[in-house]
Amino acid sequence: EAFFGCTGITSLVFDRNPQKPLQIGKSAFSGCSNIAGDIEIDRLVYYSTQTNKIIPEKAFYGCSSIHSIVLPNEITRISSGAFYGCTGLESINLPRSLASIQANSFYRCSNLNIDLVIPNQVVTIGEYAFYECTSFKSISIGYSVTTIGKYAFCRCKFTGDIIIPRVTQIPEGAFLGCEGLNGILE
């Protein structure tokens, strides 16, 4: 909660000096609604444990003016609510190393206008993970995904197909109220 609610912050520039590593913690920029533009989270800027390199819980919660996020290839988890309510977010890359997208990660990121490709290493998509993401072009879910949480894609809008290769069970409300789906492919 280092900068929690600091609405006066309008941009973030991270020092990329490997001698000065920086780790962001839980709710680090939560509620900083005026941070605008593009954010590049390089290999030094995230929370790290011995086995995981993660975007922490609610790290950018409510940062409604961010336009794009570039995640480093080492990220293995996007924690609960990490980008919740980032309504200005138009693009994000999901790195191949990603194994888990937790609950509410992209809740109400209504301008996320991408072909969403869930990487093949992802096993779990949490509840409400992409709730009300109303600008998707299409979705392709990686072949390792075995669990999709309740309401994960509820009230999303699409302009293309959704590809679900290996999910064996689709839970309650996972695609409830979705608009524009052209087809579901397995």
Side-chain angles (χ1 to χ4, degrees), residues 39 41 46-47 49 51-64 66-186:
I39 307 295
I41 302 173
Y46 45 79
Y47 180 76
T49 65
T51 57
N52 291 311
K53 292 173 177 49
I54 67 173
I55 300 299
E57 182 178 335
K58 298 182 180 178
F60 295 93
Y61 183 103
C63 292
S64 55
I66 293 174
H67 298 285
S68 71
I69 303 236
V70 177
L71 298 175
N73 289 329
E74 298 88 5
I75 295 294
T76 57
R77 181 176 78 209
I78 298 175
S79 298
S80 296
F83 301 103
Y84 185 112
C86 291
T87 54
L89 186 61
E90 296 172 358
S91 69
I92 190 165
N93 67 308
L94 298 180
R96 289 185 211 168
S97 57
L98 192 62
S100 176
I101 300 170
Q102 294 190 334
N104 303 308
S105 292
F106 298 95
Y107 190 102
R108 288 196 175 135
C109 290
S110 54
N111 284 312
L112 205 50
N113 187 15
I114 59 172
D115 289 310
L116 180 65
V117 177
I118 306 292
N120 287 330
Q121 297 301 317
V122 173
V123 175
T124 302
I125 300 171
E127 293 182 1
Y128 297 91
F130 295 97
Y131 182 87
E132 284 189 359
C133 289
T134 55
S135 297
F136 284 137
K137 295 176 183 175
S138 64
I139 296 180
S140 177
I141 295 176
Y143 63 81
S144 295
V145 173
T146 56
T147 305
I148 296 177
K150 291 180 181 178
Y151 306 99
F153 296 96
C154 180
R155 299 185 69 188
C156 288
K157 292 180 183 174
F158 308 90
T159 57
D161 293 330
I162 182 164
I163 300 171
I164 308 172
R166 292 193 180 174
V167 175
T168 57
Q169 198 172 46
I170 298 177
E172 171 187 341
F175 296 93
L176 179 70
C178 287
E179 296 179 22
L181 281 176
N182 290 335
I184 298 175
L185 311 171
E186 292 187 50

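No experiment lies behind these values; they were computed from the predicted model shown.
- Remark: Glu179 engages no residue in a side chain to side chain donor-acceptor pair (under 3.5 Å) (not counting sequence neighbours).
- Among the candidates Tyr131, Tyr107, Phe60, the single residue satisfying the ring-ring contact (aromatic ring centres under 6.0 Å, His included) test with Tyr84 is Tyr107.
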Give the table of side-chain donor-acceptor pairs shorter than 3.5 Å for residues 114-130, with sequence neighbours excluded, one pair per line with atom names and distance.
residue : atom : partner : partner atom : Å
Asp115  : OD1  : Ser138  : OG           : 2.9
Asn120  : OD1  : Tyr143  : N            : 3.2

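- Annotation: the span from Ile55 atom CD1 to Thr76 atom OG1 amounts to 9.5 Å, rounded to 0.5 Å.
- Note that CG of Leu94 and CZ of Phe106 are 5.5 Å apart. Values are rounded to the nearest 0.5 Å.
- You'll find the side chain of Phe175 reaches within 4.5 Å of the side chain of Ile162, heavy atoms only.
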Report the C-alpha distance between Ile148 and Ile141 in whole Å, list the side-chain angles of each, state the deciding distance to 0.1 Å, and finish with yes or no for side-chain contact (heavy atoms from CB on, under 4.5 Å). CA-CA 10 Å; Ile148 296 177; Ile141 295 176; 3.9 Å; yes
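- The shortest non-hydrogen separation linking Gly173 to Cys154 is O-CB, 3.7 Å.
- In this structure, Ala82 and Pro56 approach most closely via the heavy-atom pair CB-O, 3.7 Å.
- Checked by atom type and distance alone, the side chain of Ser97 pairs as donor or acceptor with a backbone atom of Ile75 at under 3.5 Å.
- Here Ile78 contributes atom CD1 and Ile92 contributes atom CD1; the two are 5.5 Å apart, rounded to the nearest 0.5 Å.
- Between the SG atom in Cys109 and the CD atom in Glu90 there is a gap of 11.5 Å [rounded to 0.5 Å].
- Scored by the ring-ring contact (aromatic ring centres under 6.0 Å, His included) test, Phe158 finds no partners at all (sequence neighbours excluded).
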Test side-chain contact (heavy atoms from CB on, under 4.5 Å) applied to Arg155 and Thr134, step by step: CA-CA 7 Å; Arg155 299 185 69 188; Thr134 55; 6.0 Å; no
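- For the residue pair Ser80 and Gln102, the shortest heavy atom distance occurs at N-OE1, 3.2 Å.
- When every heavy atom of Glu132 is checked against every heavy atom of Cys156, the shortest pair comes out as N-SG, 4.2 Å.
- Rounding to the nearest 0.5 Å gives a distance of 5.0 Å between OG of Ser135 and CG of Asn111.
- To the nearest 0.5 Å, atoms CD1 (Ile69) and CG (Leu89) are separated by 5.5 Å.
- Under 3.5 Å, the side chains of Ser79 and Arg77 contain a donor-acceptor pair of N or O atoms.
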